[in-house]
Amino acid sequence: MRIEFSETIPLPVREVYPFFRSPRDWPRLYGSFGEVEDRGGGWFAVPLRAFPFPLVARTVEDVPERLVRWVLGGFWAGEGRIAFREVEGGTEVTGFEVVRTPWLWPIAPWVERTLLAPRFRKIWDLGWRRLRKMAPAGPSPSNP
């Protein structure tokens with residue numbers, strides 16, 4: 001399953017980037033469904049609502065306010081990438097996340113497409129809504 005996105009958030013990049021820089025920060029974006037567990041070596045287990053297994057992830061590239069890449073481990077496999085760019089009216093956030101369930105082969109493609117993709121899209125949508133709600137009313141801070 002691959003989820004791609006291109007969102008413009010009406011906030012400066014300095015306020016958007018901190019939500020993505022580490023899996024430890026992700027619950028600030030979509031809410032806390034339990035405590036993030038530090039598994040050492042940069043790996044964090046992030047609990048997800050309605051999922052029996054946490055999302056275990058590690059940041060593998062971090063260019064502050066420009067790019068964040070991560071890989072998934074544990075039950076899940078995959079990777080993600082987010083790029084940030086200041087634009088008129090805020091910050092453009094583009095990227096993707098690939099999440100696979102290799103342990104469920106041969107039904108993994110069906111499970112990913114039918115059961116997981118809609119749930120992961122809802123998580124991302126929740127995050128985008130939360131970021132937009134943080135924007136002040138009136139002109140964007142990056143474009144007064």
Side-chain angles (χ1 to χ4, degrees), residues 1-137 140-142:
M1 155 187 75
R2 181 181 175 103
I3 297 172
E4 295 187 13
F5 40 82
S6 179
E7 302 285 334
T8 300
I9 306 299
L11 292 167
V13 70
R14 72 179 178 278
E15 292 181 31
V16 176
Y17 159 76
F19 287 88
F20 298 95
R21 67 178 163 217
S22 165
R24 169 186 34 222
D25 300 309
W26 296 350
R28 292 178 43 221
L29 182 63
Y30 58 77
S32 180
F33 303 117
E35 294 296 317
V36 173
E37 177 188 338
D38 185 340
R39 296 211 171 159
W43 290 96
F44 294 91
V46 182
L48 299 172
R49 176 186 281 174
F51 289 96
F53 304 104
L55 196 63
V56 178
R58 176 173 63 96
T59 300
V60 294
E61 184 176 5
D62 180 6
V63 181
E65 298 183 3
R66 303 268 311 182
L67 175 79
V68 177
R69 282 190 329 109
W70 62 92
V71 293
L72 302 177
F75 176 81
W76 310 99
E79 64 182 317
R81 178 186 186 277
I82 291 187
F84 307 92
R85 186 171 68 99
E86 292 266 3
V87 296
E88 185 174 332
T91 301
E92 181 182 62
V93 182
T94 58
F96 68 89
E97 186 171 47
V98 175
V99 181
R100 294 183 309 277
T101 55
W103 312 110
L104 295 178
W105 189 256
I107 64 168
W110 180 84
V111 168
E112 293 164 10
R113 182 180 58 253
T114 307
L115 302 176
L116 299 180
R119 291 180 179 174
F120 274 90
R121 281 189 182 92
K122 282 183 183 180
I123 290 170
W124 279 105
D125 288 344
L126 175 61
W128 304 130
R129 282 193 309 273
R130 284 188 180 199
L131 284 171
R132 286 187 178 99
K133 284 182 183 179
M134 292 175 53
S140 165
S142 63

Peer 1: Taking the basic N atoms (NZ, or NE/NH1/NH2) and the acidic carboxylate oxygens, is any pair closer than 4.0 Å for Arg81 and Glu79?
Peer 2: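 Glu79 and Arg81: not salt-bridged.
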Peer 1: Atom CZ in Arg130, atom CE in Met134: separation rounded to 0.5 Å?
Peer 2: 11.0 Å
Peer 1: Examine Trp128 together with Phe5 and report whether their ring centres are nearer than 6.0 Å.
Peer 2: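 Yes: the rings meet the under 6.0 Å criterion.
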Peer 1: With side chains defined as the heavy atoms from C-beta onward, is the minimum distance between Trp70 and Leu55 less than 4.5 Å?
Peer 2: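 Side chain of Trp70 against side chain of Leu55, heavy atoms only: no contact under 4.5 Å found.
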Peer 1: Can you confirm whether more than 12 heavy atoms, excluding those of Arg132, are under 6.0 Å from its CZ atom?
Peer 2: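 Yes - once you tally the heavy atoms of other residues, nucleotides and ligands closer than 6.0 Å, there are more than 12.
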Peer 1: Measuring from atom OG1 of Thr8 to atom CD of Glu88, what distance do you get when rounded to the nearest 0.5 angstrom?
Peer 2: 11.0 Å
Peer 1: Got a second to check how far Phe120's CZ is from Tyr30's OH, nearest 0.5 Å?
Peer 2: 8.5 Å
Peer 1: Do the side chain of Thr59 and the main chain of Arg21 share a donor and acceptor less than 3.5 angstrom apart?
Peer 2: yes
Peer 1: What is the minimum heavy-atom distance between Pro27 and Val46, and which atoms define it?
Peer 2: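 Closest approach of Pro27 to Val46: CG-CG1, 4.0 Å.
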Peer 1: Between Pro136 and Leu11, is any pair of side-chain heavy atoms under 4.5 Å apart?
Peer 2: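 Yes, their side chains come closer than 4.5 Å.
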Peer 1: Are Phe53 and Trp103 near enough that their ring centres are under 6.0 Å apart?
Peer 2: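 That pair fails the under 6.0 Å test.
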Peer 1: Taking side chain as C-beta onward, heavy atoms only, is Trp26 less than 4.5 Å from Phe44?
Peer 2: no
Peer 1: Regarding Trp124 and Glu7, do their side chains bring together a donor and an acceptor under 3.5 Å, going by distance alone?
Peer 2: no
Peer 1: Measure the spacing between CG of Leu67 and CZ of Phe84 and express it to the nearest 0.5 Å.
Peer 2: 8.0 Å
Peer 1: Trp76 and Leu116: side chain to side chain contact (heavy atoms under 4.5 Å, CB included), yes or no, with the steps?
Peer 2: CA-CA 11 Å; Trp76 310 99; Leu116 299 180; 3.5 Å; yes
Peer 1: Can you find a pair of side-chain heavy atoms, one from Glu112 and one from Thr101, that are under 4.5 Å apart?
Peer 2: yes
Peer 1: What's the separation between atom OG1 in Thr114 and atom CE in Met1, rounded to the nearest 0.5 Å?
Peer 2: 11.5 Å
Peer 1: Can you name the closest pair of heavy atoms from Pro47 and Ala45 and give their distance?
Peer 2: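 Smallest interatomic distance, heavy atoms only, reads CD-O, 3.6 Å.
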Peer 1: Using a 4.5 Å cut-off on heavy atoms from C-beta on, say whether the side chain of Thr91 contacts that of Arg85.
Peer 2: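 Not in contact.
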Peer 1: Of all heavy-atom pairs between Ala57 and Leu72, which one has the smallest distance, and what is that distance?
Peer 2: CB-CD2, 3.7 Å
Peer 1: Is there a donor-acceptor contact under 3.5 Å from the side chain of Trp43 to the main chain of Val56?
Peer 2: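 No, because the side chain of Trp43 does not come within donor-acceptor range (under 3.5 Å) of the backbone of Val56.
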Peer 1: Indicate whether any N or O donor in one side chain lies under 3.5 Å from an N or O acceptor in the other, for Asp62 and Tyr17.
Peer 2: yes
Peer 1: Are Pro23 and Arg39 packed together at the side-chain level, in the sense that at least one heavy-atom pair is separated by less than 4.5 angstrom?
Peer 2: no
Peer 1: Could you tell me the separation between the CZ atom of Arg24 and the CD atom of Glu37, rounded to the nearest 0.5 Å?
Peer 2: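 Arg24 atom CZ to Glu37 atom CD measures 13.5 Å (nearest 0.5 Å).
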